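Step one of this worksheet: look at the structure below.
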Amino acid sequence: MERNLTHIALFAALVAVLGLVPPIMLGFGVPITTQSLGIMLCGTVLGARKGALAVLVFLALVAVGLPILSGGRGGLGVFAGPSVGFLIGFPVAAYVAGWVVERWSAPVGLAAGAGAVLGGIIVLYPLGAAGWALMLGKSLTQVQVFLLGFLPGDLIKVVLAALITRGIAQMRPGALLSRP
Amino acid sequence: MLTLTSPVKTPLHRLRAGVKLAALCAYTVLLFGLRDPAALATAALAPAGLIAAGGPVFARHALRLLWPLWPFLLVLGVWHWVTDDAGQGAAIALRLLAAVAAANLVTMTTRLSDMLAVIETLLQPLSRLGLPPRRVALVFALVIRFIPVLSDRLTQIRQAWLARSRRRPGWRVMVPATLAALDDADHVAEALRARGGAG
């Protein structure tokens with residue numbers, strides 16, 4: 001019981017911290033913001049239920065007014081803005097990513113990568129696009145072009161989520177709660 | 001850590017959080033019911049007036065919170081300039097700005113503890129399903145306490161990297177950072193159990 005609570009709390013804090021630190025650098029000098037990577041890791045490391053709850057706790061703290069969304073954003077305003085679809089999609093994405101790692105008995109890295117693609121792209125993008133469409137008064141087909149701009153960065157994050165999840169499984173077998 | 005609550009006191013600070021949130025809901029529903037640019041401009045006067053009434057420091061804070069919307073306004077501007085439909089573009093932009101400004105206004109004039117109290121009240125019905133609000137409050141408190149702790153830990157990990165490598169910290173720092181969160185979670189769970197559990 002206590003362990004479940006503290007895992008949810010600590011991963012919510014981790015996602016918040018990843019929005020505050022400077023972006024990490026890839027080998028070829030491309031900066032990558034890490035908050036959405038943290039969302040994927042919530043699912044692939046904690047598993048579906050706890051991962052989604054950690055993201056929900058994070059979003060609740062954004063809503064009550066902590067400036068912990070990447071770029072120092074926060075407050076109720078971000079839920080009234082065009083990115084609301086992505087915010088609503090974050091816990092769903094974490095749940096789906098965790099569900100895949102829990103259910104698919106492939107090697108951890110592969111399962112985490114597949115989970116991150118399914119959750120962080122295939123499930124998250126339509127929800128994000130729906131938010132844009134609603135808030136900017138456009139149709140779904142009109143806004144979906146803009147998603148393409150996010151795709152390269154998110155594909156890199158999928159690979160990183162897979163590598164990091166595998167790294168944790170190798171360094172500390174048993175630490176991966178999505179693979180009990 | 002800083003919150004988004006404004007230190008400049010306005011009359012709105014004295015209103016109860018629940019009242020402000022209810023008003024915000026009603027106002028947002030109204031905004032989404034309006035189509036006409038002139039009507040939306042009139043509706044937008046409400047948050048604009050309240051922000052202006054707070055004085056220059058308060059207004060600057062409010063404008064800074066609206067700043068992240070600029071890419072969306074740019075896209076809207078270009079879009080409706082190309083489709084030659086300025087009226088509708090203005091309506092959509094006004095609705096967006098008014099909705100976000102009004103929501104920010106509630107955040108700026110309500111203390112974090114009051115907002116958390118509202119969440120606990122809203123979660124009260126869940127206590128019958130086995131989720132006591134006390135436990136939710138504990139999780140929120142833990143997150144707020146551990147944001148600076150994990151932030152320091154990540155700084156240490158980055159410095160350890162910089163001490164060994166000429167290159168800037170890469171994705172590999174994420175593995176020890178995630179493990180630190182997992183380890184801290186285990187330690188805090190043990191400490192909680194030793195003090196009688198989470199209840």
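Model, not experiment: these values are computed from the prediction. Letters go in sequence order (proteins before strands), and every chain restarts at 1.
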Who among G167(A), G81(A), P82(A) has the most heavy-atom pairs with chain B under 4.5 Å?
P82(A)

R168(B) atom CZ, over 12 foreign heavy atoms within 6.0 Å
no

Which heavy atom of K20(B) sits nearest a heavy atom of T110(B), and at what distance?
NZ-OG1, 3.1 Å

Max heavy-atom pair count under 4.5 Å with chain A, selected residue of V175(B), V173(B), V149(B)
V175(B)

Under 4.5 Å from any heavy atom of chain B, what part of F146(A) do you find: side chain, backbone, both or neither?
side chain

For F150(A), I'd like to know if atom CZ has over 12 heavy atoms of other residues, nucleotides or ligands within 6.0 Å.
no

Need one label for L41(A): side chain, backbone, both or neither, based on atoms under 4.5 Å from any heavy atom in chain B.
side chain

A16(A) portion near chain B, given a 4.5 angstrom heavy-atom threshold
side chain

As an exercise: rank L96(B), L142(B), V188(B), L97(B) by heavy-atom pairs under 4.5 Å with chain A and give me the winner.
L96(B)

May I ask you to check whether W67(B) and F72(B) place their ring centres under 6.0 Å from each other?
no

Give, as side chain, backbone, both or neither, the part of R172(A) having an atom under 4.5 angstrom from any heavy atom of chain B.
side chain

Kindly indicate whether a cation-pi arrangement holds for K138(A) with W79(B), taking the cut-offs as under 6.0 Å to the six-membered ring centre and within 45° of the axis.
yes

Under a 4.5 Å heavy-atom cut-off, does chain B meet the side chain of V57(A), its backbone, both or neither?
both

At a heavy-atom separation under 4.5 Å, does L163(A) approach chain B through its side chain, its backbone, both, or neither?
both

Validation row: R145(B), P148(B) side chains within 4.5 angstrom (heavy atoms)
yes

If you apply the rule salt bridge (charged side-chain N to carboxylate O under 4.0 Å, His left out), what do you find for D114(B) with R16(B), and how did you get there?
CA-CA 8 Å; D114(B) 293 342; R16(B) 290 184 43 174; over 6 Å; no

